[in-house]
Amino acid sequence: MARHLITSALPYINGIKHLGNMVGSMLPADVYSRYLRQRGHDVLYICATDEHGTPAELAAKERGLPVDEFCAQAHDAQKAVYDGFALAFDYFGRSSSAENRDITQHFARKLNENGFIEERAIRQVYSPADGRFLPDRYVEGTCPHCGYDKARGDQCENCTRVLDPTDLINPRSAISGSTELEVRETKHLFLLQSKLQHEVEEWVARHEQDWPQLASSIARKWLTEGLHDRAITRDLDWGVPVPADTWPELAAEGKVFYVWFDAPIEYIGATKEWADQNPADRDWKSWWYEADDTVRYTQFMAKDNVPFHTVMFPATELGVREPWKKVDYVKAFNWLTYYGGKFSTSQKRGVFTDQALDILPADYWRYFLIANAPESDDSSFTWEHFTATVNKDLADTLGNFVNRVLSFSRKRFGDEVPAGGEPGEAETRLGEEIAGLLAEYETQMEALQFRKAAAALRALWSAGNSYLEEKAPWLEIKTDKDAAALTLRTAMNLIHLYAVVSEPFIPSSAAAMRAAFALPDDTATWTTPEEARTLTTLQPGIPFTVPPVLFAKLTDEDLETYKTRFGGQPA
């Protein structure tokens, strides 16, 4: 089986992420990783907190903590939420690790040796009130492109345009709020992306036909506009330090690498962190170095991260002139909106992941988000849509099927899978239908088409309900007890199948369904369409229990409570 390296965009350290972050990177990466593992592939899913840069310093200052202590606490808080969502990372690291520091400095030295880094004197914003140069994110103001008045000096959150601090209208210090800013000369390192443009174009051309249109169009737009040389150092107290053996003057001034230079390298750094925990059994370089022919690398991210992963980081890897693994497939997502407005960490608008888990178990959110993933265009979160989806798909279609089959069978036949008659025409038709739907589900999962995969999974659940309504065991038992037993045994086999194939979407509920049956040596990781035709995994006599209600229906009162707490429209 293939080896699959999977990474999702690193969540930034300053605060718990909202549902848009979850569905735009980590959750689909987890669903895909789980699916691949079930199909027998060797999978390594790596993520980490992105801990450098100005927002970390500002957040630590606001909390009254040293930045390293703030980041350690914030990392643990984020990891607890991701555990709550059952994200099965192989490793969830930290970009402030020693491993990332060493590899980032190695990349910088190699880029310098190969002529792709240049030291330049530039004019930079200086705040006399703060007594320091202000890195790009320490400068706020009005975006010259869209007029957003809270734009940062590196990028406008509203229109996503990349900026320089001097582009901003009415700039102010993010530290003190002072508008008495000066422009002074200082020195920084620049990555000469312009010299790598042609190589990046050739690399993108070899891959873009396989990528989603969203990813390829963004990459192509950046390349058409031309790659510009970009400063990769900042004046900060927190970050990967410029190595003194290569740039002693800048190191003495306390320069650190720009967060967007070291953050993508943390994918490699986190893999080394993972390996360093058990070096005798884990080889991090086999996933990243000279791995083009042995590893399939898939990245998951929202569209604002696409330029950095399809153009800027590949340029870095190409410039190093070493055989580091580059991404094979970029799964990019549009925005999940909140009633048509943007989720926003900085503006605290929308539902945040810790709040979501306070309201309902993770599987409710996992299913809804993936079933409505913003793949081809933006999708909107509304409490009305969420409630309707939970009630229709999870409570009525899947949960009710499991409960009524097991409850009715226990009431009429006891706590073991009933025997009954031999499968007939209805069971043959059902087997063919299930096999076809399962094949469709596999096809869409392989293609990373999550909404279509969710639709196929929903159709699998619906097929069980249709079969139950057709056979009506509550009527069969009045005239033909064996026929009713056959129907219920077949339906129980469907429940077991659902438990296996639903696990990537709803792992906790899938585990509860599987645990309902005391099946000896239940080690099945997948059910193939051919196996699904027969629906004979559970033989008569297997003990079973009726699990607690898998999904509670959400009421009108619940809906109003959620809307009152979070608002029924964007702030």
Side-chain angles (χ1 to χ4, degrees), residues 38-40 397-439 441-442 457-474 476-477 480-551:
Q38 286 188 266
R39 301 308 307 274
T397 302
L398 177 60
N400 187 50
F401 176 78
V402 172
N403 182 263
R404 64 175 175 162
V405 166
L406 297 181
S407 296
F408 185 73
S409 187
R410 183 178 64 178
K411 180 179 178 181
R412 294 305 184 101
F413 295 99
D415 294 332
E416 294 182 350
V417 175
E422 291 299 314
E425 182 181 344
E427 286 69 40
T428 299
R429 289 199 311 273
L430 174 67
E432 290 300 320
E433 181 182 11
I434 293 297
L437 291 171
L438 186 54
Y441 179 52
E442 291 179 352
L457 182 60
R458 185 188 311 120
L460 277 167
W461 299 341
S462 296
N465 284 277
S466 297
Y467 169 75
L468 208 62
E469 292 299 320
E470 175 190 351
K471 294 296 295 291
W474 49 89
E476 286 181 312
I477 200 164
D480 190 340
K481 190 173 182 179
D482 283 347
L486 166 65
T487 299
L488 292 168
R489 188 179 80 239
T490 302
M492 289 184 193
N493 273 284
L494 277 177
I495 292 171
H496 186 269
L497 181 144
Y498 295 162
V500 174
V501 303
S502 302
E503 191 265 345
F505 280 69
I506 48 171
S508 297
S509 304
M513 285 189 280
R514 186 181 283 222
F517 303 101
L519 184 64
D521 302 320
D522 186 9
T523 58
T525 58
W526 195 252
T527 302
T528 67
E530 188 60 37
E531 292 168 337
R533 281 189 173 87
T534 60
L535 294 172
T536 56
T537 299
L538 300 176
Q539 293 298 314
I542 296 294
F544 72 89
T545 57
V546 181
V549 174
L550 292 177
F551 302 100

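If you're wondering where the values come from, they're calculated on a predicted model, not measured in any experiment.
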Check your understanding: Between Trp526 and Glu442, is any side-chain donor less than 3.5 angstrom from a side-chain acceptor?
Key -> yes

Review point. Can you find a pair of side-chain heavy atoms, one from Arg404 and one from Leu468, that are under 4.5 Å apart?
Key: yes

Point to revise | Steps toward side-chain contact (heavy atoms from CB on, under 4.5 Å) verdict (Phe544, Arg410) | key: CA-CA 9 Å; Phe544 72 89; Arg410 183 178 64 178; 4.0 Å; yes

Review point. Counting N and O atoms only, with roles assigned by atom type, does the side chain of Asp415 sit under 3.5 Å from a partner on the main chain of Pro543, one being a donor and the other an acceptor?
Key: no

Check your understanding: When rounded to the nearest 0.5 angstrom, what distance separates CG in Asp522 from OG1 in Thr537?
Key -> 8.0 Å

Check your understanding: So how far is it from Leu438 CG to Glu531 CD, rounded to the nearest 0.5 Å?
Key -> 9.5 Å

**Study point:** Nearest heavy-atom neighbours spanning Thr527 and Ala532
**Key:** CG2-N, 3.9 Å

Revision key, fill the gap. Separation between CG (Leu488) and CZ (Phe408), nearest 0.5 Å, reads 6.0 Å

Check your understanding: If you take all heavy atoms of Gly424 and Leu486, which pair is closest and at what distance?
Key -> N-CD2, 4.4 Å

Point to revise | Main-chain N/O of Val405 paired to Ser409 side chain as donor or acceptor, under 3.5 Å | key: no

Practice item. Assign the ring pair Trp461 / Tyr498 to parallel, tilted or perpendicular, where the plane angle (0 to 90°) is split at 30° and 60°. Key: perpendicular

Practice item. Check whether any side-chain heavy atom of Pro423 lies under 4.5 Å from a side-chain heavy atom of Thr428, and answer yes or no. Key: no

Review point. Taking all non-hydrogen atoms of both residues, which atom of Ile542 and which atom of Ala518 are closest, and how far apart?
Key: CG2-O, 3.8 Å

Exercise for review: Measure across Ile495 and Val402 and return the closest heavy-atom pair with its distance rounded to 0.1 Å.
Suggested key: CD1-CA, 3.9 Å

Check your understanding: So how far is it from Glu503 CD to Ser508 OG, rounded to the nearest 0.5 Å?
Key -> 9.5 Å

**Study point:** Nearest-0.5 Å distance that lies between atom CG in Leu550 and atom CG in Asn400
**Key:** 10.5 Å

Exercise for review: Using a 4.5 Å cut-off on heavy atoms from C-beta on, say whether the side chain of Ile434 contacts that of Pro529.
Suggested key: no

Point to revise | Chi angles and distances behind the side-chain contact (heavy atoms from CB on, under 4.5 Å) call for Met513, His496 | key: CA-CA 7 Å; Met513 285 189 280; His496 186 269; over 6 Å; no

Check your understanding: Going by atom types alone, do Glu433 and Tyr467 pair a side-chain donor with an acceptor below 3.5 Å?
Key -> no

Review point. Just by distance, do the side chain of Ser509 and the backbone of Ile506 share a donor-acceptor pair under 3.5 Å?
Key: no

Practice item. Indicate yes or no: does Arg429 engage Glu470 in a salt bridge with an N to O separation below 4.0 Å. Key: yes

Check your understanding: Any salt bridge between Glu425 and Lys471, counting N to O under 4.0 Å?
Key -> no

Review point. Looking at Gly464 and Phe401, what are the two nearest heavy atoms and their distance?
Key: O-CE1, 3.3 Å

Review point. Sub-3.5 Å donor-acceptor pair from the side chain of Asp482 to the main-chain atoms of Gly420, do we have one?
Key: no

Review point. Which is it for Arg514 and Val500 under the side-chain contact (heavy atoms from CB on, under 4.5 Å) test, yes or no, and what are the steps along the way?
Key: CA-CA 7 Å; Arg514 186 181 283 222; Val500 174; 2.9 Å; yes

Practice item. Mark yes or no for whether Glu469, through its side chain, and Ser466, through its backbone, hold a donor-acceptor pair below 3.5 Å. Key: no

**Study point:** Approximate separation, where rounding is to 0.5 Å, of Leu535 CG and Leu430 CG
**Key:** 5.5 Å

